[in-house]
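Below is one structure; the comments refer to it alone.
FYI, the numbering just counts along the sequence from 1.
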Amino acid sequence: MASGQPEPLVALRGISKRYGDLLANDGVDLEVAPGEIHALLGENGAGKSTLVKILYGAIQPSAGEILWQGRAVSITSPVEARRLGIGMVFQHFSLFEALTVGENVAVALPDLSLRDVRARLSQVGETYGLALDPRRPVWSLSAGERQRIEIIRCLLQNPKLLVLDEPTSVLTPQEADRLFDTLERLASEGRAILYISHRLEEVRRLSRRATILRQGRVVATADPRAMSAGDIAALMVGSEVGRVEAHEPHAQRAEMLRVDHLSLPPQGLHGQPLRDLSLTAWRGEILGIAGVAGNGQGELFEALSGERLASRPDAIRIEREPVGHLGVEARRARSAAFVPEERLGHAAVPSHALTDNALLTHHGEGATVRAGLVAPGAIRTLADAITRQFDVRVPHRDPEARRLSGGNLQKFVIGREIIRQPRLLVVNQPTWGVDAGAARLIRQALVDLAEAGSAVVLISQDLDELFEIADQIAVLHDGRLGPARPTGEWTREAIGLEMLGVGAGEGGQHAA
């Protein structure tokens, strides 16, 4: 620790972790002081998750030591970590699907009654702008709402060190600002915060020190305010990260997808209904759908993909043909492709190899013909082509899906659909939790698909993403979709307010 700085609350010294021939962490040193918001940065697969799992006691290091308040400790389990005062919010959720929000929080707070937990959950949620219904079952929640549970559950444990992994990925700008205020208040009280994010501008706002990992090693520890986001990204990936090459919407518009006054009742007691929702997606354009998690994004995706059927066939049309009564396979046969929000479990089977996961959406003759692969045995060639074309980094040929980092699996599932060259692609949260390099590759692939003449419906909570690649943006709030406007006519503040329901439209028709 430099002169004049407080002694670290936690210090990692020479931490290494080896999995066979793979060295996930290689002699990592990291210090976090009381009252500090310290950023941990690196591309997917750089070793961030391994390092924080070691700190949280979920896995054990192969070498090195951890000092807690200057004393060497052995953190053998998450229970021991929490006892020391370490709270962790993982990027991938650890929740019981069959339990309610309140019950999931109560599991981590056994000394409190469920009634007390519900009261504290509501109070903390209101304070931090992360409101949740404590009686709602987790299985009915979106990924964004599940993230809120993880954050609140951790805060209720009153940690000395709070580790946050991508905490703003499901928040509006206004909600993120409130979270930043909360984190700064927690730091001013002397708590230490280890902050993992791929959103480099928020890192530059919050942090005074950042440790940057690449291929398991520390490549820099610096003040992110003294560097541009581009400089930081270059350190993360080892080369300059370019911008997405923009495209111009096609001069002559051809309708690919039309949704006409679609309404759907909620699934279960707490689902989000869709309310008289209309939109049009044009070939050669990207239509962005903005909104806070839990306002109908998942329901809209299910309706567009055919996982839920509309009450009228003509409520959804693909190339003017009614498909509201048709399921996923029939819509795929009409050259539509779909990428759901949850990559592990919904988009890909965790225990299946990549070849098997490629087969999930390429088993129909139409799909394999478009990919230029007609023989059943060619599915291995297809998986290899996806891996190569979309820079999917794998530990060995044809691993199980769960062996890939989040960003690499996301590149695979998106590449699996784009390689078919569909005329319509509906994608939900395509770059949630992925690093700058992977996000650029994915966004460029979406832009290139639109440039080739396809229609892309991009459901995203990342406003940077929408402003970068969408041609038009509409806001989804409380199951209603406001009118779409050209992206240049929006401001971040206006979209944020509509995402919160302030001044939102009443679900009018998408501008034609």
Side-chain angles (χ1 to χ4, degrees), residues 9-10 30 32 36-42 44 48-59 75 77-97 99 101-109 117 120-121 124-125 127-132 134 138 141-171 175-176 178-187 189 191-199 202-203 206-207 292-294 341-342 344 405-406 429 432-435 461:
L9 174 69
V10 64
L30 173 69
V32 187
E36 178 186 15
I37 302 176
H38 190 114
L40 179 61
L41 307 177
N44 291 103
K48 304 186 305 296
S49 295
T50 300
L51 191 67
V52 296
K53 286 177 181 177
I54 289 172
L55 178 59
Y56 195 56
I59 59 177
I75 306 177
S77 70
V79 172
E80 177 62 25
R82 290 192 292 269
R83 187 178 297 119
L84 286 172
I86 301 173
M88 175 75 200
V89 178
F90 286 103
Q91 180 181 347
H92 297 296
F93 313 129
S94 55
L95 302 171
F96 295 99
E97 298 270 336
L99 300 184
V101 171
E103 289 165 343
N104 267 278
V105 175
V107 168
L109 301 169
V117 166
R120 291 187 61 185
L121 190 151
V124 172
T127 300
Y128 297 156
L130 300 170
L132 285 166
V138 166
L141 301 179
S142 70
E145 291 166 312
R146 297 180 190 207
Q147 175 76 302
R148 296 180 204 177
I149 300 174
E150 296 278 13
I151 294 173
I152 292 176
R153 183 168 66 177
C154 191
L155 291 176
L156 285 174
Q157 296 174 43
N158 195 26
K160 296 177 182 177
L161 170 65
L162 179 62
V163 184
L164 295 170
D165 192 355
E166 300 289 347
T168 64
S169 60
V170 293
L171 303 182
E175 289 172 324
R178 285 198 295 270
L179 178 63
F180 298 157
D181 291 341
T182 299
L183 296 179
E184 288 167 345
R185 183 166 66 249
L186 291 170
E189 296 170 355
R191 302 181 199 272
I193 297 169
L194 185 59
Y195 192 87
I196 303 170
S197 178
H198 291 112
R199 296 183 175 181
E202 70 184 34
V203 166
L206 282 173
S207 300
V292 180
E341 174 181 7
E342 192 168 353
L344 202 60
S405 69
Q429 317 305 333
W432 179 61
V434 308
D435 62 66
Q461 290 152 188

message: Holding to salt bridge (charged side-chain N to carboxylate O under 4.0 Å, His left out), I want the full list of residues that pass it with Glu80, two or more places apart in sequence or in another chain.
response: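 Only Arg83 meet the salt bridge (charged side-chain N to carboxylate O under 4.0 Å, His left out) criterion with Glu80.
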query: Taking only residues two or more places apart in sequence or in another chain, which ones pass salt bridge (charged side-chain N to carboxylate O under 4.0 Å, His left out) with Arg191?
result: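 Here the qualifying residues are Glu189.
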What distance do [X] atom [atom1] and [Y] atom [atom2] have between them, rounded to the nearest 0.5 Å?
X: Glu342; Y: Gln429; atom1: CD; atom2: CD; answer: 12.0 Å
X: Thr182; Y: Glu184; atom1: OG1; atom2: CD; answer: 9.5 Å
X: Leu206; Y: His38; atom1: CG; atom2: NE2; answer: 13.0 Å
X: Leu51; Y: Leu194; atom1: CG; atom2: CG; answer: 8.0 Å
X: Leu41; Y: Ile196; atom1: CG; atom2: CD1; answer: 9.0 Å

Donor-acceptor check, side chain of [X] to backbone of [Y], threshold 3.5 angstrom: yes or no?
X: Asn104; Y: Phe96; result: yes
X: Glu36; Y: Ile193; result: no
X: Arg148; Y: Leu132; result: no

Shortest non-hydrogen contact between [X] and [Y], atoms and distance:
X: Leu55; Y: Ile86; result: O-CD1, 3.7 Å
X: Ile151; Y: Val89; result: CA-CG2, 3.9 Å
X: Lys160; Y: Leu84; result: CD-O, 3.9 Å
X: Cys154; Y: Pro159; result: O-CD, 3.5 Å
X: Gly57; Y: Pro78; result: O-CD, 3.7 Å

message: Test side chain to side chain contact (heavy atoms under 4.5 Å, CB included) on Tyr195 and Leu40; report intermediate values, then the result.
response: CA-CA 6 Å; Tyr195 192 87; Leu40 179 61; over 6 Å; no
- line: Applying side-chain contact (heavy atoms from CB on, under 4.5 Å) to Gln157 and not counting sequence neighbours gives Arg82, Ala108, Leu109, Arg153
field: Any residue meeting side-chain contact (heavy atoms from CB on, under 4.5 Å) with Ala192, in chain and number order, not counting sequence neighbours
entry: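 If we apply the side-chain contact (heavy atoms from CB on, under 4.5 Å) test to Ala192, skipping adjacent residues, the hits are Leu9, Val32, Leu161.
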field: Counterpart residues, side chain to side chain donor-acceptor pair (under 3.5 Å), relative to Arg120 (two or more places apart)
entry: none
- prompt: Which residues pass the side chain to side chain donor-acceptor pair (under 3.5 Å) test with Ser197, sequence neighbours left out?
  reply: Glu202
message: Does Val52 form a side chain to side chain contact (heavy atoms under 4.5 Å, CB included) with Asp165? I'd like the steps, not just the answer.
response: CA-CA 9 Å; Val52 296; Asp165 192 355; 5.6 Å; no
task: Could you walk me through whether Leu155 and Leu162 pass the side chain to side chain contact (heavy atoms under 4.5 Å, CB included) test, one step at a time?
output: CA-CA 8 Å; Leu155 291 176; Leu162 179 62; 3.7 Å; yes
message: Could you walk me through whether Val105 and Val107 satisfy the side chain to side chain contact (heavy atoms under 4.5 Å, CB included) test, starting with their C-alpha distance in whole Å, then the side-chain angles of each, then the deciding distance to 0.1 Å, before giving a yes or no?
response: CA-CA 5 Å; Val105 175; Val107 168; over 6 Å; no
field: Test item: Glu150 and Pro167 side chains (from C-beta on) under 4.5 Å apart, heavy atoms
entry: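 A side-chain contact is absent here, since even the closest heavy-atom pair is not under 4.5 Å.
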